[in-house]
Engineer: 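Could you have a look at this structure, given as structure tokens, before my questions?
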Amino acid sequence: VIFSISWAWFRLYWYPLKVLYTSTWGIYIHHRHNDHKLVLFFNCMLIALQVLHIYWFYFIILLLIRVATGRQSEIEDTREFEEETTKNANNGRPHDD
């Protein structure tokens, strides 16, 4: 729950308010007479990142709903650690097959 609240606060509120606003209007106001092609490219990338934040937050909300309704009782960690544990068992050397 704390993760989802912090995600919404920092990535869906503060990021557009501070970063996107400054990179779009701040650059435009202070550098009106310069060429803006590169700035436009980076602003498009920042806006694409904001779209990804919204997309990921949708899945965070779906997970919270599944846990709150009881359809998913436990959250499993799906990351794989086989390579790391094999490397540690071989004293830091990669596993030879």
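Note: hydrogens, waters and symmetry copies are ignored here, and every other heavy atom, side chains too, is used.
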Engineer: To the nearest 0.5 Å, what is the distance between CD1 (Ile47) and CZ (Phe42)?
Structural biologist: 14.0 Å

Engineer: Can a donor-acceptor pair be found, under 3.5 Å and without considering hydrogens, that links the side chain of Thr22 to the backbone of Val19?
Structural biologist: no

Engineer: Determine, using the 4.5 Å side-chain heavy-atom cutoff (strictly less than), whether Tyr21 and Tyr13 are members of one ILVMFWY cluster.
Structural biologist: no

Engineer: Rounded to the nearest 0.5 Å, what separation is found between the CZ atom of Arg66 and the CZ atom of Phe59?
Structural biologist: 9.5 Å

Engineer: Is there side-chain contact between Tyr15 and His53, with heavy atoms separated by less than 4.5 Å?
Structural biologist: yes

Engineer: When rounded to the nearest 0.5 angstrom, what distance separates CD1 in Ile60 from CD1 in Ile65?
Structural biologist: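 It comes to 12.0 Å.
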
Engineer: So, for Phe57 and Ser4, which heavy atoms are closest and what is the spacing to 0.1 Å?
Structural biologist: CE1-O, 3.5 Å

Engineer: Drop me the distance from Ile54's CD1 to Leu49's CG, to the nearest 0.5 angstrom.
Structural biologist: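 Between Ile54 CD1 and Leu49 CG, I get 10.0 Å after rounding to 0.5 Å.
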
Engineer: About how many Å separate CZ of Phe3 and CG of Leu64, when rounded to the nearest 0.5 Å?
Structural biologist: 9.5 Å

Engineer: Under 4.5 Å between side-chain heavy atoms, counting indirect links through other Ile/Leu/Val/Met/Phe/Trp/Tyr residues: same cluster for Leu52 and Leu62 or not?
Structural biologist: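 Same cluster: Leu52 reaches Leu62 through Ile, Leu, Val, Met, Phe, Trp or Tyr contacts under 4.5 Å.
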
Engineer: Could you give the distance from CG (Leu40) to OG (Ser23), rounded to the nearest 0.5 Å?
Structural biologist: 10.5 Å

Engineer: Can you get from Leu20 to Val51 by hopping between Ile, Leu, Val, Met, Phe, Trp and Tyr side chains that sit under 4.5 Å apart?
Structural biologist: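 Each belongs to a different hydrophobic cluster.
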
Engineer: Can you name the nearest heavy-atom pair linking Arg11 to Pro16, along with the distance?
Structural biologist: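 Where Arg11 meets Pro16 most closely, the heavy atoms are O-CD, 3.7 Å.
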
